[in-house]
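Computed from a predicted structure; not experimentally measured.
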Amino acid sequence: MDPNNYEGHHPRHPPNRSRLSHFSSLEPYHDPFERNFNILFARMDRMENTIAQLGDAVTEMRAVLGNVANTQHLLSENLNNLLGQHVVHPASTEPEQPAREQTPDEGLPDLFVKKPTLENGNTRKPVKEDIVAAVRSMSSSDAEGQKKYIELCNHVDGVIKFIKQLVPKERWGLSFTAHGDVCNRVMSRFLTSVSSKKPFLPLDRCEDNWIARHMVMQDWNSVASNNKASKAKKSKRRSDNRACDDNGST
């Protein structure tokens, strides 16, 4: 019995060769939805990265704003403190008293400020003892006064060296006042130095700067006198040498 002809079974149709060859020539099938989903997932990944970066930026911005807030709070406190220190009080009903003008020598001893005078009240040329007494009047003890006087003399020595730097050596024989503008420059430097450094003496508060002028002029004039004496000795030595040469030639 033919198995293809048993009851209830129809004969099997032979396969269509041409149709099979047609399907075998088609390209592999690609689902377009799958490609779109891949693109969408890639974009979502990038969006997540961007959102994470924005979150970090927001965190940093919050920290910056927190620092700004703290700074603003500190500035506000400082401003309040300053305003509290400069409170404007209501104007008094009493008439305002004019400010009393303070004299330059107020609070300083006359022995320091005033020029030395004679018994009749006329001023006289200062001496070393006058300056020592003036410096002592600005000190709390004799030992402190002596120390201040030594420091003052050290300043004078520095001024003399400064003058030698400004004045040509051939002019060292001239007096202090003969150097014109150099006198003003040196005196200004000296007054500033002794008031801002030890011995901290306000010599510019003295009448006509009598202490400063006397000490600087006296020391420089000693240099000038020594320079003149040295030149005189050299000149005499040259004259004696010429005289000896003249006698020898005769």
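Proximity of a side-chain donor or acceptor of Glu144 to a complementary backbone N or O of Ser139 within less than 3.5 Å is not detected. One N or O on the side chain of Trp210 and one on the backbone of Val113 form a donor-acceptor pair closer than 3.5 Å. The backbone N or O of Met217 lies less than 3.5 Å from a partner atom in the side chain of Asn221, making a donor-acceptor pair. Although no hydrogens or angles enter the test, the distance criterion places a donor-acceptor pair under 3.5 Å between the side chain of Thr50 and the main chain of Arg46. Using modelled atom types, one side-chain atom of Ser196 and one backbone atom of Thr192 make a donor-acceptor pair closer than 3.5 Å. Of the possible polar contacts, none joining the Asp56 side chain to the Gln53 backbone as a donor-acceptor pair under 3.5 Å is found. Checking side-chain atoms of Asn226 against main-chain N and O of Ser222 turns up a donor-acceptor pair under 3.5 Å.
Across all their heavy atoms, Ile163 and Val186 have their closest contact at CG1-CG2, 3.6 Å. The two residues Leu108 and Met138 come nearest to each other via the heavy atoms CD2-CE, 3.8 Å. The nearest pair of heavy atoms linking Leu201 to Leu152 is CD1-CD2, 4.3 Å. Contact record, Ala134 with Leu111: CB-O, 3.4 Å, taken as the closest heavy-atom pair.
By the 4.5 Å heavy-atom criterion applied to side chains, Phe112 and Ile211 are counted as neighbours. Within the 4.5 Å cutoff, no side-chain heavy atoms of His214 are placed close to those of Asp130. Between Val194 and Glu151 the shortest side-chain heavy-atom distance does not fall below 4.5 Å. In this structure the side chain of Pro199 never reaches within 4.5 angstrom of the side chain of Val135, judged on heavy atoms. Counting heavy atoms from C-beta on, the side chains of Pro126 and Gln218 never come closer than 4.5 Å.
There is no path of hydrophobic side-chain contacts, each under 4.5 Å, that joins Val127 to Ile150. No chain of hydrophobic side-chain contacts below 4.5 Å, direct or via other Ile, Leu, Val, Met, Phe, Trp or Tyr residues, connects Ile160 to Leu174. Linking Ile, Leu, Val, Met, Phe, Trp and Tyr residues whenever their side-chain heavy atoms come within less than 4.5 Å places Phe176 and Val182 in a single cluster.
Taken to the nearest 0.5 Å, the NZ atom of Lys169 stands 8.5 Å off from the NZ atom of Lys164. Within the model, atoms CE of Met47 and CG of Leu54 stand 10.5 Å from one another, a figure rounded to the nearest 0.5 Å. Atom CG of Leu203 sits about 10.0 Å away from atom CE of Met187, to the nearest 0.5 Å. Taking CZ of Arg213 as the start and OG1 of Thr177 as the end, the distance is 8.0 Å to the nearest 0.5 Å. Note that NZ of Lys114 is 11.0 Å distant from SG of Cys206, once rounded to the nearest 0.5 Å.
Sorted by first and then second residue, the pairs that involve residues 177-205 and meet ring pair (Phe, Tyr, Trp, His ring centres under 6.0 Å), not counting sequence neighbours, are His179-Trp220. Listed by first then second residue, pairs satisfying ring pair (Phe, Tyr, Trp, His ring centres under 6.0 Å) with a partner in residues 120-162 number zero, not counting sequence neighbours.
Within 6.0 Å of CZ in Arg185 there are 12 or fewer heavy atoms belonging to other residues, nucleotides or ligands. Shown here is Lys115, whose NZ atom has more than 12 heavy atoms of other residues, nucleotides or ligands within 6.0 Å.
In this structure, the side chain to side chain contact (heavy atoms under 4.5 Å, CB included) partners of Asp157, at least two apart in sequence or on a different chain, are Asn154, Asp219.
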